[in-house]
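Chain letters run A, B, ... following the sequence lines, proteins first, then strands; residues in each count from 1.
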There are 2 protein chains.
Amino acid sequence: MGDERQIFETYLKAHELHLTQPRETVLKAVFATHEHFTADELIAHLRTLGTPVSKATVYRTLALLSECRLLIEHDFGLGRKHYEHASDLEHHGHLYCTDCGQIVEFYDARLNSLQDRISRQEGFEPAQFVVKIYGRCARCIEKMRRAPQVGGA
Amino acid sequence: MGDERQIFETYLKAHELHLTQPRETVLKAVFATHEHFTADELIAHLRTLGTPVSKATVYRTLALLSECRLLIEHDFGLGRKHYEHASDLEHHGHLYCTDCGQIVEFYDARLNSLQDRISRQEGFEPAQFVVKIYGRCARCIEKMRRAPQVGGA
DNA sequence: TTGCCTGCAAAACCTTTGCATGTAA
DNA sequence: TTACATGCAAAGGTTTTGCAGGCAA
């Protein structure tokens, strides 16, 4: 978490912005765990911690953290964004279960070489690589087997 | 476009739904091209064609077409969904330029084997495989070289 | 002291929903 | 004839913005 703070401070200085107390509160909470989270969850968590930060400021801070590449915004098509640490993104992607909504991470060392090869081909300068597989997780496949839905095709 | 119509009709019949005129209008417009589009763009396009369909019906029809796997919903984190033909999805992913918003497709035969391998590993039954690379496109890299931004890191 | 930052509430945005009317089968 | 579908407008949920007062540097 020392790294993140330093990167954030450097970014703020470079843009003549301030490291305020609310921003520091958000920074700490965000990098205290490695969980995915939504803006709303973070706002609730901060309230629980006894260090509430307003909705507007949380959104503004998340935008800053995404701009300086400390956070990645994910969108699973649910109408709200999920955030995760950019440093956690290397070599991994997400499996999203369309039945129960569970998000499972998977690791594959070949993802990065894939990203590089494709970006080079297209003349792209890659910043983020996002791999998602939508489908049904093992648990829901099993559940389905025991109690099949009508019209399940 | 014959295929899509048949698949849609079969799906509607199986669920005791009707193939109405507005649904047919949407179906035709959607499968007339292979472009990505948003709901809003489609609504505007239908108006231009002289065959307007209401917002509510367009959204409802897009949901149906996604349910029967004729369309894929994409989310590039812009607050609105992009749709594309499911049949176009094989072996390809998207490069999204964070500067100009351009979306470039890339093809790589290895994507499908990657999906299969990962899904098997995790016990997933895959339905959609989404690969996105966010970054800067060749044109914007060039533009940037000629007129660098302040604080451009 | 200066200009950025905060929090509140209102606005904006895309998408969904309730309801009376219209229409496929 | 019966149920499903349409269109309008209003509601819904998340994210953004305007503004007056507060704070970092």
Which nucleotide of DNA chain C is the first, and which the last, in the 5' to 3' direction, to come under 4.0 Å of a heavy atom belonging to chain B?
dC14(C) to dA25(C)

Heavy-atom pair with the smallest gap, counting every atom of A86(A) and I72(A)
CA-CG1, 3.6 Å

Q21(B) atom CD, over 12 foreign heavy atoms within 6.0 Å
no

Separation of atom CG in L42(A) from atom P in dT15(D), rounded to whole Å:
12 Å

Any side-chain heavy atom of H34(B) sitting closer than 4.5 Å to one from E105(B)?
no

Check: E41(A)/H36(A) side-chain N/O donor and acceptor closer than 3.5 Å:
no

Taking atom CZ as the centre, does R69(B) end up with more than 12 heavy-atom neighbours from other residues, nucleotides or ligands that are less than 6.0 angstrom away?
no

Distance, rounded to the nearest Å, where E24(A) contributes CD and dA25(D) contributes C1':
15 Å

Applying ring-ring contact (aromatic ring centres under 6.0 Å, His included) as the test, list every pair that has at least one member in residues 97-142 of chain A; sequence neighbours left out.
H92(A)-Y107(A), Y96(A)-Y134(A)

Expressed in angstrom and rounded to an integer, what is the separation of L17(B) atom CG from dT2(D) atom C1'?
15 Å

How long is the line joining NZ of K55(B) and P of dA9(D), in whole Å?
10 Å

For the helix from dT1(C)-dA25(D) to dA25(C)-dT1(D), how many degrees between its two end axes (five pairs per end), to the nearest 10°?
40°

So, with a heavy-atom separation below 4.0 Å from DNA chain D, the residues of residues 57-64 of chain A are Y59(A), R60(A)

Salt bridge (charged side-chain N to carboxylate O under 4.0 Å, His left out) partners for E125(A), two or more places apart
R136(B)

Inspect the surroundings of CD in Q102(B) and state if more than 12 heavy atoms from other residues, nucleotides or ligands are less than 6.0 Å away.
yes

If you assign each of L78(B) and A56(B) to its closest nucleotide in DNA chain C, which residue comes earlier from the 5' end?
L78(B)

Does a sphere of radius 6.0 Å around CZ in R139(A) hold more than 12 heavy atoms from other residues, nucleotides or ligands, not counting ones at 6.0 Å or beyond?
no

Distances under 3.5 Å between protein N/O atoms and the N/O atoms of nucleotides 21-23 of chain D, please, pair by pair.
none

Whether E142(A) and R145(A) form a salt bridge (side-chain N of Lys/Arg under 4.0 Å from carboxylate O of Asp/Glu) is what I want to check.
yes

What integer distance in Å separates K81(A):NZ from dG13(D):P?
19 Å

